[in-house]
Amino acid sequence: MYPSVPDTPPLKLQHQHAGRNIFISPGSDAGYAPGSFVICAIGGGAEGWSISHIGPNGRGQDLGEEYFFATPEEALEFTKELIEMLPG
């Protein structure tokens, strides 16, 4: 028999924190509205997760460069902390 896995709710793909939109994407940050934060899977999530911010021109800017997260939940918590540090 396999060990039981605790019931955890599925991760939502869209969040809002302090009036800012946060999306979890299986890959690309293309097509999201300016001002949004996008948590992107790298290599389908096998290589980690990165965070992008969509600028006024609609293009994403990777916020971490070489800083990646092991899970989307870790990236989401960091994004929320980052939003709290932003002015206004």
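Please read all numbers here as calculations on a predicted model, not as lab measurements. Only heavy atoms go into these numbers, but all of them, side chains included; no hydrogens, no water, no symmetry mates.
Scanning both residues, D62 and S52, for their nearest heavy atoms gives CA-OG, 3.9 Å. What you find for H15 and K12 is that their closest heavy atoms are NE2-O, 2.9 Å. Taking every heavy atom of both residues into account, G45 and A41 meet most closely at N-CB, 3.5 Å. What you find for G55 and P34 is that their closest heavy atoms are O-CB, 3.3 Å. The two residues R20 and F37 have their closest heavy-atom pair at NH1-CE1, 4.0 Å.
The CD atom of Q16 lies 9.5 Å from the CD1 atom of I83; values are rounded to the nearest 0.5 Å. A distance of 10.5 Å separates CD1 of I39 from CG of L63, quoted to the nearest 0.5 Å. We find the CD-CG distance between Q14 and N21 to be 6.0 Å, quoted to the nearest 0.5 Å. For the atom pair L76 CG and T71 OG1, the distance stands at 9.0 Å (nearest 0.5 Å). From F68, atom CZ reaches atom SG of C40 across 10.5 Å, with rounding to the nearest 0.5 Å.
Residues meeting the side-chain contact (heavy atoms from CB on, under 4.5 Å) test with E77, sequence neighbours left out: K80. Applying the side-chain hydrogen bond (donor to acceptor under 3.5 Å, both in side chains) rule to H17 yields the partners E84; only residues at least two apart in sequence or on another chain are considered. A search for side-chain contact (heavy atoms from CB on, under 4.5 Å) contacts involving S28 returns A30, not counting sequence neighbours. Listed by chain and residue number, Y32 satisfy the ring pair (Phe, Tyr, Trp, His ring centres under 6.0 Å) test with F23 (two or more places apart in sequence, or in another chain). Residues that satisfy the side-chain hydrogen bond (donor to acceptor under 3.5 Å, both in side chains) test with S25, not counting sequence neighbours, are absent from this structure.
Within the structure, side-chain hydrogen bond (donor to acceptor under 3.5 Å, both in side chains) contacts touching residues 36-49 (residues at least two apart or in different chains) do not occur.
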For the pair V38 and I54, evaluate side chain to side chain contact (heavy atoms under 4.5 Å, CB included) and give the outcome as yes or no after the intermediate values. CA-CA 8 Å; V38 184; I54 309 302; 4.0 Å; yes
